[in-house]
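Single-structure report; data block below.
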Amino acid sequence: MKKGLKVVLAGLALLVLAACGSKEEEDKLDTINENGVIKVATSPDYAPFGFHTTIDGKDKIVGADIEMMETIAKKMGVKVEWLDMSFNAVLAAAKEGKADVAVSAISVTSERKESFDFTTDYYTSPQVIVINKQHANDFTSIDHFAGKQVGAQKGTIQENIVKEQLKDAKLVSIEKLPNIFVEVKSGSLDGLVVEKTVADAYVNKNPELMIANISLKSMKEDSLCIAVPKGNEKLVKELNKHIKEMKEDGTIEKMVEENNQLAQKGGN
């Protein structure tokens, strides 16, 4: 009797493990297609990829990342549910299952690859240092930032760039990127590290600022990708298919250019 009970219990345990295993193996693409919605975490404070602007008197999230995902979703036959949050929370939202993917000018790092798979890159932009024009002659080399305060958005690769390439500078991490530009503009910070495409949008809108004539080392992290929680190969493959099409026909490049112009006119 005891032996028979053990056999039954062992069988039930195997069934439970099998059920759990099948649940873990379910790809997010199946759920997205079933619900007709893809949940996307983003931080819209990074023009021209994602930012707030006023259209017809209403605040709206726009940007190249936003347009790209809306277009991909349309190709997939689903709608986008946007989750607006700080960049520091974007990847966490995807990792915890609150979002299906994270799209916010995200770079691939070895640390992030432990929790996420990444699509093929959809855009590449070098890193630059933005300074106040008043200090154009003061900052002409990396050495000139020794002991100076240099800003970077919290949770981004730019924090590491300051630490690794401007080693003698004092890193100041701030959650919202627009606030960092304000600090440089007011003189509270001596500079900030950011992607060139983003810098162009802010500098063109703020004549007090400029991109320093200082070269930073190129890195693989300069490329932007969509982050997908591990174990969702079908979803990554589906996203890659559409990204490839949009890169080859110049759609994404056009989106970046148009949103850069929009950001210069009135983006927040």
Review item, side-chain donor-acceptor pairs of residues 192-201, under 3.5 Å, at least two apart:
{"residue": "K196", "atom": "NZ", "partner": "D200", "partner atom": "OD1", "Å": "3.4"}
{"residue": "K196", "atom": "NZ", "partner": "D200", "partner atom": "OD2", "Å": "3.0"}
{"residue": "T197", "atom": "OG1", "partner": "S125", "partner atom": "OG", "Å": "3.0"}

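Across V62, D45, D59, a single residue satisfies side chain to side chain contact (heavy atoms under 4.5 Å, CB included) together with H52, and that is D59. Between D117 and the options K234, K230, K237, a salt bridge (Lys or Arg N to Asp or Glu O under 4.0 Å) holds for only K230.
Listed for the N33 side chain is a donor-acceptor partner under 3.5 Å among the backbone atoms of L29. With N232 contributing its side chain and D27 its backbone, the two residues share no donor-acceptor pair below 3.5 Å. Panel note: side chain D168, backbone G147; no donor-acceptor pair is recorded below 3.5 Å.
Side-chain atoms of Q158 and Q127 form a donor-acceptor pair, as typed in the model, at a separation below 3.5 Å. A donor and an acceptor atom, one from each side chain of N88 and S86, are nowhere located under 3.5 Å apart.
Grouping the Ile, Leu, Val, Met, Phe, Trp and Tyr side chains by contacts below 4.5 angstrom, directly or via other members, places I157 with I214.
Salt bridge E164/K217: absent, no basic N to carboxylate O contact under 4.0 Å. The pair K241-E238 counts as a salt bridge, with a side-chain nitrogen and a carboxylate oxygen less than 4.0 angstrom apart.
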> Given the rule in the side chain to side chain contact (heavy atoms under 4.5 Å, CB included) test, do M69 and I226 qualify, once you have shown the distances and angles that lead to the verdict?
Replying inline: CA-CA 10 Å; M69 275 310 303; I226 297 174; 3.8 Å; yes

> Can N206 and F181 be said to form a side chain to side chain contact (heavy atoms under 4.5 Å, CB included), step by step?
Replying inline: CA-CA 9 Å; N206 296 275; F181 280 96; 5.8 Å; no

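Residues forming a side chain to side chain contact (heavy atoms under 4.5 Å, CB included) with K170 (at least two apart in sequence, or on another chain): Q149.
With contacts defined as side-chain heavy-atom distances shorter than 4.5 Å, the pair T120/K244 does not qualify.
The other members of the hydrophobic cluster of M85, by chain and number, are L83, F87, V90, L91, I106, V108, F116, F118 (side-chain heavy atoms under 4.5 Å, ILVMFWY only).
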